Undergrad: 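Next up is a structure, given as C-alpha coordinates.
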Amino acid sequence: MSTTMNDTFLDDNANIPEQAVGAPFSDDAKIAIRDVSVAYADKKAVHEVDLDIGRNEVIAMIGPSGCGKSTFLRCLNRMNDTIDVCRVTGSIKMDDIEINDGKLDVVPLRARVGMVFQKPNPFPKSIYDNVAYGPRIHGLANRRSELDDIVETSLRRAGLWNEVKDRLDQPGTSLSGGQQQRLCIARTIAVSPEVILMDEPCSALDPIATAKIEELISELSNNITIVIVTHSMQQAARVSSRTAYFHMGRLIEVNPTQQVFTNPDHQLTEAYITGRFG
Ligand SMILES: Nc1ncnc2c1ncn2[C@@H]1O[C@H](COP(=O)(O)OP(=O)(O)OP(=O)(O)O)[C@@H](O)[C@H]1O
Ligand SMILES: [Mg+2]
(Lines give C-alpha, C1' and ligand atoms only; values in the text may rest on other atoms or scores of the structure.)
(Ligands and ions follow the chains in the order given, each with its own letter.)
Protein backbone atom coordinates (compact mmCIF):
# COMPACT_ATOMS: atom_id res chain seq x y z
CA MET A 1 0.00 0.00 0.00
CA SER A 2 1.38 3.39 -0.88
CA THR A 3 1.94 5.95 1.82
CA THR A 4 0.46 9.36 1.15
CA MET A 5 1.98 12.59 2.30
CA ASN A 6 -0.81 12.95 4.85
CA ASP A 7 -0.20 9.49 6.32
CA THR A 8 3.47 10.29 6.71
CA PHE A 9 2.69 13.61 8.27
CA LEU A 10 0.28 12.09 10.74
CA ASP A 11 2.58 9.19 11.64
CA ASP A 12 5.29 11.67 12.49
CA ASN A 13 2.90 13.61 14.71
CA ALA A 14 1.04 11.38 17.10
CA ASN A 15 -0.01 14.36 19.21
CA ILE A 16 -3.51 14.76 17.79
CA PRO A 17 -5.57 16.27 20.60
CA GLU A 18 -8.41 14.07 21.84
CA GLN A 19 -10.76 16.99 21.75
CA ALA A 20 -10.43 20.02 19.56
CA VAL A 21 -8.66 22.91 21.21
CA GLY A 22 -10.77 26.00 21.66
CA ALA A 23 -14.15 24.26 21.51
CA PRO A 24 -15.88 25.28 24.73
CA PHE A 25 -19.28 23.70 25.28
CA SER A 26 -21.88 26.39 25.61
CA ASP A 27 -25.39 26.21 27.03
CA ASP A 28 -26.62 28.26 24.12
CA ALA A 29 -25.54 26.01 21.25
CA LYS A 30 -27.93 25.57 18.35
CA ILE A 31 -26.39 22.15 17.70
CA ALA A 32 -24.40 20.23 20.32
CA ILE A 33 -22.35 17.41 18.81
CA ARG A 34 -20.84 14.81 21.13
CA ASP A 35 -18.61 11.87 20.34
CA VAL A 36 -19.81 11.60 16.75
CA SER A 37 -18.10 8.96 14.63
CA VAL A 38 -18.94 7.79 11.13
CA ALA A 39 -17.91 4.58 9.40
CA TYR A 40 -18.44 3.34 5.87
CA ALA A 41 -18.72 -0.43 6.43
CA ASP A 42 -15.67 -1.11 8.60
CA LYS A 43 -13.71 1.97 7.54
CA LYS A 44 -13.98 4.85 9.98
CA ALA A 45 -14.18 8.24 8.24
CA VAL A 46 -14.99 10.56 11.18
CA HIS A 47 -13.57 10.05 14.67
CA GLU A 48 -15.22 11.10 17.94
CA VAL A 49 -16.07 14.71 17.10
CA ASP A 50 -17.24 17.08 19.86
CA LEU A 51 -18.42 20.48 18.66
CA ASP A 52 -20.95 23.13 19.59
CA ILE A 53 -22.40 25.21 16.77
CA GLY A 54 -23.76 28.57 17.92
CA ARG A 55 -27.16 30.01 17.15
CA ASN A 56 -27.01 32.03 13.90
CA GLU A 57 -23.31 31.41 13.65
CA VAL A 58 -21.53 30.94 10.30
CA ILE A 59 -18.98 28.22 10.91
CA ALA A 60 -16.60 27.03 8.19
CA MET A 61 -15.20 23.51 7.87
CA ILE A 62 -11.85 23.19 6.15
CA GLY A 63 -9.29 20.46 5.64
CA PRO A 64 -7.59 18.30 3.02
CA SER A 65 -9.63 16.33 0.50
CA GLY A 66 -10.97 13.12 2.05
CA CYS A 67 -10.65 14.32 5.66
CA GLY A 68 -14.37 13.78 6.30
CA LYS A 69 -15.90 17.26 5.94
CA SER A 70 -18.83 16.19 3.76
CA THR A 71 -19.37 13.02 5.78
CA PHE A 72 -19.52 15.07 8.98
CA LEU A 73 -21.79 17.72 7.44
CA ARG A 74 -24.25 15.05 6.28
CA CYS A 75 -24.63 13.84 9.90
CA LEU A 76 -26.36 17.11 10.74
CA ASN A 77 -29.45 16.39 8.63
CA ARG A 78 -29.16 12.61 8.43
CA MET A 79 -28.18 12.62 4.77
CA ASN A 80 -25.80 9.74 5.52
CA ASP A 81 -28.94 7.60 5.88
CA THR A 82 -29.03 7.56 2.10
CA ILE A 83 -25.72 5.64 2.01
CA ASP A 84 -26.34 1.98 2.88
CA VAL A 85 -22.96 1.14 4.40
CA CYS A 86 -22.74 4.34 6.44
CA ARG A 87 -23.12 4.21 10.24
CA VAL A 88 -23.19 7.27 12.48
CA THR A 89 -22.76 7.00 16.26
CA GLY A 90 -22.81 9.62 18.99
CA SER A 91 -25.20 12.42 19.88
CA ILE A 92 -26.27 15.46 17.82
CA LYS A 93 -28.71 17.59 19.78
CA MET A 94 -30.50 20.48 18.10
CA ASP A 95 -32.68 22.42 20.53
CA ASP A 96 -35.40 19.94 21.47
CA ILE A 97 -34.40 16.96 19.33
CA GLU A 98 -31.74 14.27 19.05
CA ILE A 99 -30.89 14.31 15.34
CA ASN A 100 -29.09 10.97 15.46
CA ASP A 101 -32.12 9.13 16.82
CA GLY A 102 -33.07 6.37 14.37
CA LYS A 103 -36.75 6.90 15.20
CA LEU A 104 -36.71 10.58 14.23
CA ASP A 105 -38.73 11.48 11.11
CA VAL A 106 -36.12 12.90 8.73
CA VAL A 107 -38.63 14.74 6.51
CA PRO A 108 -39.36 17.57 9.00
CA LEU A 109 -35.72 17.43 10.12
CA ARG A 110 -34.52 18.20 6.59
CA ALA A 111 -36.87 21.19 6.45
CA ARG A 112 -35.34 22.48 9.69
CA VAL A 113 -31.81 21.65 8.53
CA GLY A 114 -31.60 22.37 4.81
CA MET A 115 -28.71 21.59 2.50
CA VAL A 116 -27.06 23.21 -0.51
CA PHE A 117 -24.66 21.11 -2.54
CA GLN A 118 -21.51 21.74 -4.55
CA LYS A 119 -23.23 21.36 -7.89
CA PRO A 120 -26.46 23.32 -8.27
CA ASN A 121 -29.20 20.67 -8.50
CA PRO A 122 -32.52 22.29 -9.38
CA PHE A 123 -35.39 19.86 -9.88
CA PRO A 124 -36.49 19.32 -13.50
CA LYS A 125 -39.36 21.74 -12.86
CA SER A 126 -40.13 25.40 -13.39
CA ILE A 127 -38.39 28.10 -11.35
CA TYR A 128 -41.66 28.61 -9.45
CA ASP A 129 -42.17 24.93 -8.74
CA ASN A 130 -38.59 24.49 -7.54
CA VAL A 131 -39.23 27.00 -4.77
CA ALA A 132 -42.86 25.92 -4.15
CA TYR A 133 -41.91 22.25 -3.82
CA GLY A 134 -40.95 22.27 -0.12
CA PRO A 135 -43.82 24.50 1.07
CA ARG A 136 -46.22 22.21 -0.83
CA ILE A 137 -44.99 18.94 0.68
CA HIS A 138 -44.79 20.47 4.15
CA GLY A 139 -48.25 22.05 3.79
CA LEU A 140 -47.02 25.58 4.52
CA ALA A 141 -49.50 27.36 2.25
CA ASN A 142 -53.29 27.02 2.21
CA ARG A 143 -53.94 29.18 -0.82
CA ARG A 144 -52.21 29.84 -4.09
CA SER A 145 -51.67 33.45 -3.05
CA GLU A 146 -49.83 32.29 0.10
CA LEU A 147 -47.64 30.03 -2.00
CA ASP A 148 -46.97 32.91 -4.40
CA ASP A 149 -45.87 35.01 -1.43
CA ILE A 150 -43.49 32.34 -0.14
CA VAL A 151 -41.99 31.89 -3.61
CA GLU A 152 -41.48 35.63 -4.08
CA THR A 153 -40.07 36.19 -0.59
CA SER A 154 -37.67 33.25 -0.92
CA LEU A 155 -36.45 34.38 -4.34
CA ARG A 156 -36.01 37.92 -3.04
CA ARG A 157 -34.03 36.72 -0.04
CA ALA A 158 -31.88 34.62 -2.37
CA GLY A 159 -31.21 37.76 -4.45
CA LEU A 160 -32.76 36.20 -7.55
CA TRP A 161 -36.23 37.75 -7.81
CA ASN A 162 -35.40 40.57 -10.19
CA GLU A 163 -33.66 38.20 -12.57
CA VAL A 164 -36.49 35.64 -12.72
CA LYS A 165 -39.77 37.40 -11.90
CA ASP A 166 -40.82 37.49 -15.56
CA ARG A 167 -39.90 33.88 -16.29
CA LEU A 168 -41.11 31.89 -13.29
CA ASP A 169 -42.62 29.22 -15.55
CA GLN A 170 -39.33 28.47 -17.29
CA PRO A 171 -37.26 25.46 -16.22
CA GLY A 172 -34.87 25.97 -13.30
CA THR A 173 -32.21 24.37 -15.44
CA SER A 174 -32.48 27.26 -17.96
CA LEU A 175 -30.68 29.54 -15.50
CA SER A 176 -26.92 30.14 -15.30
CA GLY A 177 -24.90 28.15 -12.77
CA GLY A 178 -24.81 30.99 -10.26
CA GLN A 179 -28.53 31.64 -10.70
CA GLN A 180 -29.24 27.92 -10.27
CA GLN A 181 -27.31 27.90 -7.01
CA ARG A 182 -29.31 30.90 -5.77
CA LEU A 183 -32.47 29.05 -6.87
CA CYS A 184 -31.36 26.08 -4.76
CA ILE A 185 -30.84 28.44 -1.83
CA ALA A 186 -34.31 29.95 -2.43
CA ARG A 187 -35.73 26.41 -2.46
CA THR A 188 -34.00 25.70 0.84
CA ILE A 189 -35.12 28.89 2.59
CA ALA A 190 -38.72 28.52 1.35
CA VAL A 191 -39.40 26.08 4.21
CA SER A 192 -37.92 28.45 6.83
CA PRO A 193 -34.93 26.35 7.91
CA GLU A 194 -33.15 27.04 11.19
CA VAL A 195 -29.87 25.69 9.84
CA ILE A 196 -28.43 25.49 6.32
CA LEU A 197 -25.58 23.12 5.49
CA MET A 198 -23.52 24.16 2.49
CA ASP A 199 -21.02 21.76 0.94
CA GLU A 200 -18.65 23.81 -1.23
CA PRO A 201 -21.56 25.85 -2.59
CA CYS A 202 -19.39 28.09 -4.77
CA SER A 203 -16.87 25.67 -6.19
CA ALA A 204 -18.69 25.55 -9.54
CA LEU A 205 -19.21 29.34 -9.70
CA ASP A 206 -17.28 32.30 -11.07
CA PRO A 207 -16.06 35.07 -8.74
CA ILE A 208 -19.10 37.32 -9.32
CA ALA A 209 -21.60 34.54 -8.63
CA THR A 210 -19.47 33.52 -5.64
CA ALA A 211 -19.57 37.05 -4.24
CA LYS A 212 -23.37 37.05 -4.52
CA ILE A 213 -23.64 33.78 -2.60
CA GLU A 214 -21.24 35.04 0.08
CA GLU A 215 -23.28 38.22 0.47
CA LEU A 216 -26.36 36.05 0.81
CA ILE A 217 -24.70 33.92 3.50
CA SER A 218 -24.08 37.04 5.59
CA GLU A 219 -27.69 38.15 5.23
CA LEU A 220 -29.16 34.73 5.99
CA SER A 221 -27.03 34.42 9.11
CA ASN A 222 -29.17 37.10 10.76
CA ASN A 223 -31.58 34.33 11.64
CA ILE A 224 -30.18 31.07 10.22
CA THR A 225 -27.24 29.01 11.45
CA ILE A 226 -24.92 28.19 8.56
CA VAL A 227 -22.34 25.42 8.37
CA ILE A 228 -20.22 25.77 5.23
CA VAL A 229 -17.58 23.40 3.89
CA THR A 230 -15.11 25.19 1.68
CA HIS A 231 -11.77 24.58 0.02
CA SER A 232 -11.23 28.31 -0.21
CA MET A 233 -9.53 29.75 2.83
CA GLN A 234 -10.33 33.22 1.51
CA GLN A 235 -13.99 32.27 1.48
CA ALA A 236 -13.85 30.89 5.02
CA ALA A 237 -12.17 34.13 6.09
CA ARG A 238 -14.82 36.26 4.37
CA VAL A 239 -17.96 34.52 5.58
CA SER A 240 -17.35 32.69 8.85
CA SER A 241 -16.88 33.73 12.45
CA ARG A 242 -15.31 30.41 13.45
CA THR A 243 -13.42 27.84 11.44
CA ALA A 244 -13.03 24.13 12.18
CA TYR A 245 -10.04 22.28 10.79
CA PHE A 246 -10.45 18.57 10.04
CA HIS A 247 -7.61 16.17 9.38
CA MET A 248 -8.02 12.48 8.55
CA GLY A 249 -11.46 12.31 10.10
CA ARG A 250 -10.58 14.20 13.27
CA LEU A 251 -11.58 17.68 14.32
CA ILE A 252 -8.20 19.16 15.11
CA GLU A 253 -9.03 22.73 15.94
CA VAL A 254 -11.98 25.11 16.07
CA ASN A 255 -11.33 28.76 16.77
CA PRO A 256 -12.28 32.26 15.64
CA THR A 257 -11.59 32.31 11.91
CA GLN A 258 -9.04 35.09 12.09
CA GLN A 259 -7.06 33.17 14.68
CA VAL A 260 -7.14 29.95 12.65
CA PHE A 261 -5.61 31.76 9.69
CA THR A 262 -3.08 33.88 11.56
CA ASN A 263 -2.19 32.04 14.73
CA PRO A 264 -3.60 28.50 14.76
CA ASP A 265 -3.35 26.38 17.89
CA HIS A 266 -2.27 23.21 16.16
CA GLN A 267 0.69 22.49 13.92
CA LEU A 268 -1.49 20.43 11.54
CA THR A 269 -3.72 23.47 10.99
CA GLU A 270 -0.69 25.63 10.40
CA ALA A 271 0.77 23.15 7.91
CA TYR A 272 -2.52 23.17 5.98
CA ILE A 273 -3.07 26.91 5.91
CA THR A 274 0.53 27.57 4.88
CA GLY A 275 0.10 25.10 2.05
CA ARG A 276 2.52 22.46 3.25
CA PHE A 277 -0.05 19.79 2.43
CA GLY A 278 -3.64 19.35 1.37
N1 LIG B 1 -20.24 6.72 -0.02
C2 LIG B 1 -19.05 6.38 0.52
N3 LIG B 1 -18.69 5.08 0.64
C4 LIG B 1 -17.50 4.72 1.17
N5 LIG B 1 -16.56 5.61 1.60
C6 LIG B 1 -16.86 6.91 1.49
C7 LIG B 1 -18.10 7.38 0.94
N8 LIG B 1 -18.10 8.74 0.95
C9 LIG B 1 -16.91 9.10 1.49
N10 LIG B 1 -16.16 8.02 1.81
C11 LIG B 1 -14.83 8.03 2.40
O12 LIG B 1 -14.87 8.76 3.61
C13 LIG B 1 -13.73 9.60 3.75
C14 LIG B 1 -14.15 11.05 3.91
O15 LIG B 1 -14.78 11.48 2.71
P16 LIG B 1 -15.52 12.87 2.56
O17 LIG B 1 -16.20 12.88 1.24
O18 LIG B 1 -16.33 13.11 3.76
O19 LIG B 1 -14.27 13.87 2.58
P20 LIG B 1 -14.21 15.44 2.27
O21 LIG B 1 -13.39 16.04 3.35
O22 LIG B 1 -15.57 15.97 2.05
O23 LIG B 1 -13.36 15.49 0.92
P24 LIG B 1 -13.44 16.54 -0.31
O25 LIG B 1 -12.77 17.78 0.18
O26 LIG B 1 -12.67 15.86 -1.39
O27 LIG B 1 -14.88 16.74 -0.66
C28 LIG B 1 -12.86 9.35 2.52
O29 LIG B 1 -11.89 8.39 2.85
C30 LIG B 1 -13.85 8.79 1.52
O31 LIG B 1 -13.22 7.92 0.62
MG1 LIG C 1 -16.55 16.83 0.41
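Heavy-atom basis, side chains included; hydrogens, waters and symmetry copies ignored. Keep in mind that this is a model prediction, so the values were computed, not measured.
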Undergrad: Which residues pass the side-chain contact (heavy atoms from CB on, under 4.5 Å) test with E98, not counting sequence neighbours?
TA: S91, I92, K93, N100, D101
Undergrad: Apply the test side chain to side chain contact (heavy atoms under 4.5 Å, CB included) to residues S203 and H231: give CA-CA distance (whole Å), side-chain angles for both, the deciding distance (0.1 Å), then the verdict.
TA: CA-CA 8 Å; S203 62; H231 273 283; over 6 Å; no
Undergrad: Could you work out, with side chain to side chain donor-acceptor pair (under 3.5 Å) as the rule, every residue matching D206, not counting sequence neighbours?
TA: none
Undergrad: With no hydrogens and no angle check, just 3.5 Å: does a side-chain donor-acceptor pair link R74 and N80?
TA: yes
Undergrad: For the pair N130 (side chain) and F123 (backbone), establish whether a donor and an acceptor sit closer than 3.5 Å, ignoring hydrogens and angles.
TA: yes
Undergrad: How long is the straight-line distance from OG of S240 back to CD1 of I217, given to the nearest 0.5 Å?
TA: 9.5 Å
Undergrad: R187 side chain to Y133 main-chain N or O, any donor-acceptor pair under 3.5 Å?
TA: no
Undergrad: With a 4.5 Å limit on heavy-atom distance, are the side chains of E194 and T225 in contact?
TA: no
Undergrad: I'd like to know if the side chain of S37 reaches the main chain of E48, judged simply by a donor and an acceptor atom lying under 3.5 Å from each other, with no hydrogens or angles considered.
TA: yes
Undergrad: Keeping Q259 on the side-chain end and P256 on the backbone end, is there a donor-acceptor pair under 3.5 Å?
TA: no
Undergrad: Is there a path from L73 to I226 through hydrophobic residues (I, L, V, M, F, W, Y) whose side chains come within less than 4.5 Å of each other?
TA: no
Undergrad: Contact between E219 and R157 at the side-chain level, heavy atoms closer than 4.5 Å - yes or no?
TA: no
Undergrad: Do M198 and V229 make a side-chain contact, defined as non-hydrogen atoms from C-beta onward lying under 4.5 Å apart?
TA: no
Undergrad: If you define the side chain from C-beta out and look only at heavy atoms, does anything of T230 sit under 4.5 Å from V239?
TA: no
Undergrad: Would you call I62 and F261 a side-chain contact if the rule is heavy atoms closer than 4.5 Å?
TA: yes
Undergrad: Enumerate the residue pairs fulfilling salt bridge (charged side-chain N to carboxylate O under 4.0 Å, His left out) with a member in residues 79-88, sequence neighbours excluded, ordered by first and then second residue.
TA: R78-D81
Undergrad: Between V36 and V254, is there shared hydrophobic-cluster membership here, with clusters defined by ILVMFWY side-chain heavy atoms closer than 4.5 Å?
TA: yes
Undergrad: Can you tell me how far OG1 of T188 sits from CD1 of I224, rounded to the nearest 0.5 angstrom?
TA: 9.0 Å
Undergrad: How would you list, by chain and number, every residue that makes a ring pair (Phe, Tyr, Trp, His ring centres under 6.0 Å) with F117, sequence neighbours excluded?
TA: none
Undergrad: I'd like to know if the side chain of R110 reaches the main chain of N77, judged simply by a donor and an acceptor atom lying under 3.5 Å from each other, with no hydrogens or angles considered.
TA: yes
Undergrad: Measure the NZ-OH distance between K69 and Y245 for me, rounded to the nearest 0.5 Å.
TA: 9.0 Å
Undergrad: Do I185 and L160 make a side-chain contact, defined as non-hydrogen atoms from C-beta onward lying under 4.5 Å apart?
TA: no
Undergrad: Please tell me if the side chains of H247 and H266 come closer than 4.5 Å, counting only heavy atoms from C-beta onward.
TA: no
Undergrad: When rounded to the nearest 0.5 angstrom, what is the spacing between CG in L155 and CD1 in I150?
TA: 12.0 Å
Undergrad: If I take atom CG from residue L216 and atom CZ from residue R182, how far apart are they, to the nearest 0.5 angstrom?
TA: 8.5 Å
Undergrad: Would you call M61 and L51 a side-chain contact if the rule is heavy atoms closer than 4.5 Å?
TA: yes
Undergrad: Tell me whether I53 shares a hydrophobic cluster with V88, the cluster being built from Ile, Leu, Val, Met, Phe, Trp, Tyr side chains joined at under 4.5 Å.
TA: yes
Undergrad: Quick check against the 3.5 Å criterion: does E57 have a side-chain atom that pairs as donor or acceptor with the backbone of S241?
TA: no
Undergrad: Could you tell me which residues satisfy side-chain contact (heavy atoms from CB on, under 4.5 Å) with R167, sequence neighbours excluded, listed by chain and number?
TA: I127, V164, Q170, S174, L175
Undergrad: Tell me every residue that passes ring pair (Phe, Tyr, Trp, His ring centres under 6.0 Å) with Y40, counting only those two or more places apart in sequence or in another chain.
TA: none
